[in-house]
Enquirer: 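This is the structure I have questions about; it appears just below.
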2 protein chains.
Amino acid sequence: MQLPEAKGKFIEAWGKLGSEWGINRTMAQVHALLLVSPNELTTEEIMEELKISRGNANMTLRDLISWGLVEKQHKAGERKEYFYADKDTWNIARQVAKERRKRELDPIIKILDELSKVEGESKDEAFITFNKSVTDINKLAKNVDKTLETMLKAEENWFWKSIFKMFK
Amino acid sequence: MQLPEAKGKFIEAWGKLGSEWGINRTMAQVHALLLVSPNELTTEEIMEELKISRGNANMTLRDLISWGLVEKQHKAGERKEYFYADKDTWNIARQVAKERRKRELDPIIKILDELSKVEGESKDEAFITFNKSVTDINKLAKNVDKTLETMLKAEENWFWKSIFKMFK
DNA sequence: ATTAACTTTCAAAATATTTTGAAAGTTATA
DNA sequence: TATAACTTTCAAAATATTTTGAAAGTTAAT
C-alpha cells in the first residue's frame, strides 16, 4: 500500500470510528487529515482534500478548536488562517475525556442527583426499583467523574502517573 | 417530583446520553424503562409506555439482547415473551465495554496494524508524520484493548479487584 | 473610505438514520 | 391440521442530521 491510499484509509477509518461514538464523521475526518499532515493546512486545502464545502470546513474546524484538538495559526504577512492538530495521542485522549466529561457526564449527574431525591412509598416495588437503579447509576457516574478529574489534573499524582506509564 | 414524572425524565435523559454516544435513542430508552421496572415487561407494554411501534420495539429488544443487556423470559403456559434487564450497574458497564471492544476497538486495531506496515521514504515529512500518528494511536488502542481484556476477564486479578472496589 | 482577501452564517438541499405498520412467518394448543 | 396468539420482517415514510453555497460579515492594507 502506498502513502496516499493509506492516508485515505486512515481518514475513512477515523471517520467511521468517530461516527460510532457520536462524533460527526466529517469532524473526525478533518482531525485525521490534520493528524497525518506534517504542516498546518488552510481551509482551502482541507476542502480540496476531503471534498467538502467551505461552510462545512469552517464549522468543523471551529468545532475541533472548541474541543481543543486543533489550533489556528497565523503566518506573518498572510491573511489566510492555518490549522494545526496536536499529534500527541495522550493529549488527544485527555482532551476528549475532558470535553466529554464537561459536556455529557456532568449534565447527566446533575439530573441523576435530582432523580435520586424523589421520594416514594417504601413498600412500592416500582419506587424501590426506580430508586435503586437511579442511585446506583448515579454512584457509578460520580466515581467515573471523580476519577477523570483526578486523572486530568494529575500527572503529579504518583498513582496515576504509574498507570499512565502503562499506556504511553 | 412524583415517580411517573421522574421515570419519564430518567428515560429521556438516558436516551439523550445514549444518542450522544452513538447508541440509538430508542434503544437507550427501552433499556432505561426496563431498568426502572421491577418486573419483566411484554413488547405490548413497552410499545404502550414509550409510544413506539411494534416493529421498532421488536428490533430494539433484539438489539438489547445482542448487547447482553436484556433477556427474554418465558412464563409457563403463556405465549407472550417477557423482557427483563439486569440492574447491576457494574454488569451493565462491563457488558457495554465488552461489546464496544468487540464491535469497534478490535476492527480499528486491525486497520491500524495494516497501516502501520506502510513503508516510505525516511526523509519524507508526510510519511514520517503519517507513520508516527498511526503507530502512536495503534499503541494506545492496543493498550486500551489489553486493559479491557484484563478487566473483563478478571475479578480474580488482585490489582483490578482493588480498582473495582473504588467504583462500586 | 475603499478594496480585496479572507471568514462566517444559515436557510435550503442532500443524506443518513430511525420508525412505522401491515403482511408474512412461527409455533403452541386444541 | 387448523387456528389463533404471538413475533419478525422490511419497504416506505418520517425524522434527524449533515452539508452546501451564496450572501453577508470582517479586517488588513492602501
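Naming convention: chains lettered A, B, ... in sequence-line order (proteins, then strands); numbering from 1 in each chain.
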Enquirer: Starting from P on C:dC6, measure out to CG on A:Leu61 and report it in whole angstrom.
Expert: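 Result: 16 Å.
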
Enquirer: Distance check needed: C:dT17 P versus B:Asp63 CG, whole Å only.
Expert: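 Nearest whole value for this atom pair: 14 Å.
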
Enquirer: Provide the Watson-Crick or G-U wobble partner of C:dA22, both distances under 3.5 Å; none if there is no partner.
Expert: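 Checking every strand shown, C:dA22 finds its partner in D:dT9, with both distances under 3.5 Å.
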
Enquirer: Should C:dT15 form a Watson-Crick or G-U wobble pair with both distances under 3.5 Å, which nucleotide is its partner?
Expert: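 Partner of C:dT15: D:dA16.
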
Enquirer: Both B:Lys51 and A:Phe83 contact DNA chain C. Which one's nearest nucleotide lies toward the 5' end?
Expert: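 Result: A:Phe83.
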
Enquirer: Considering only C:dC10, D:dT19, D:dA5, which nucleotide approaches the side chain of B:Arg79 most closely?
Expert: D:dA5

Enquirer: How many whole angstroms separate atom CG of A:Asn56 from atom C1' of C:dA11?
Expert: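 About 15 Å, once rounded to whole Å.
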
Enquirer: Determine the sole option in B:Lys7, B:Glu5, B:Lys9 for which the side-chain contact (heavy atoms from CB on, under 4.5 Å) test with A:Leu115 is passed.
Expert: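 Of the listed options, the one satisfying the test is B:Lys9.
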
Enquirer: Examine distances only and state if a side-chain atom of B:Glu45 and a backbone atom of B:Thr42 form a donor-acceptor pair shorter than 3.5 Å.
Expert: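 Yes; at least one donor-acceptor contact below 3.5 Å.
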
Enquirer: Could you tell me how far apart B:Lys72 (NZ) and D:dC6 (C1') are, to the nearest whole angstrom?
Expert: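 Whole-Å distance recorded here is 11 Å.
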
Enquirer: Please examine the side chains of B:Arg25 and B:Trp14, heavy atoms only from C-beta on, and report whether any two atoms are closer than 4.5 Å.
Expert: no

Enquirer: Rounded to whole Å, how long is the line connecting atom CG of A:Asn58 with atom C1' of D:dA23?
Expert: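 Whole-Å distance recorded here is 14 Å.
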
Enquirer: Between A:Tyr82 and A:Met59, who's closer to the 5' end of DNA chain C by nearest nucleotide?
Expert: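 Its nucleotide being nearer the 5' end, the pick is A:Tyr82.
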
Enquirer: Calculate the interatomic distance between A:Glu81 atom CD and C:dT7 atom C1'; express it in whole Å.
Expert: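 Taking CD of A:Glu81 and C1' of C:dT7, I get 7 Å after rounding.
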
Enquirer: Are any non-hydrogen side-chain atoms of B:Val70 and B:Tyr84 less than 4.5 angstrom apart?
Expert: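 Result no, sub-4.5 Å side-chain heavy-atom pair not found.
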
Enquirer: Under 4.0 Å between a Lys/Arg side-chain N and an Asp/Glu carboxylate O for A:Asp113 and A:Lys142?
Expert: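 Here A:Asp113 pairs with A:Lys142 in a salt bridge, since their nearest N and O are under 4.0 Å apart.
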
Enquirer: Could you tell me how far apart B:Arg25 (CZ) and D:dT15 (P) are, to the nearest whole angstrom?
Expert: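 After rounding, the reported distance stands at 14 Å.
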
Enquirer: B:Ser53 side chain: which of D:dT27, C:dG21, C:dT18 is closest?
Expert: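 Nearest to the side-chain atoms of B:Ser53, counting from C-beta on, is C:dG21.
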
Enquirer: Can you tell me if B:Thr43 touches the phosphate of D:dC6, counting only side-chain N or O atoms and a distance under 4.0 Å to OP1 or OP2?
Expert: no

Enquirer: Separation of A:Arg62 atom CZ from C:dT9 atom C1', in whole Å?
Expert: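 Going from CZ in A:Arg62 over to C1' in C:dT9 covers 9 Å.
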
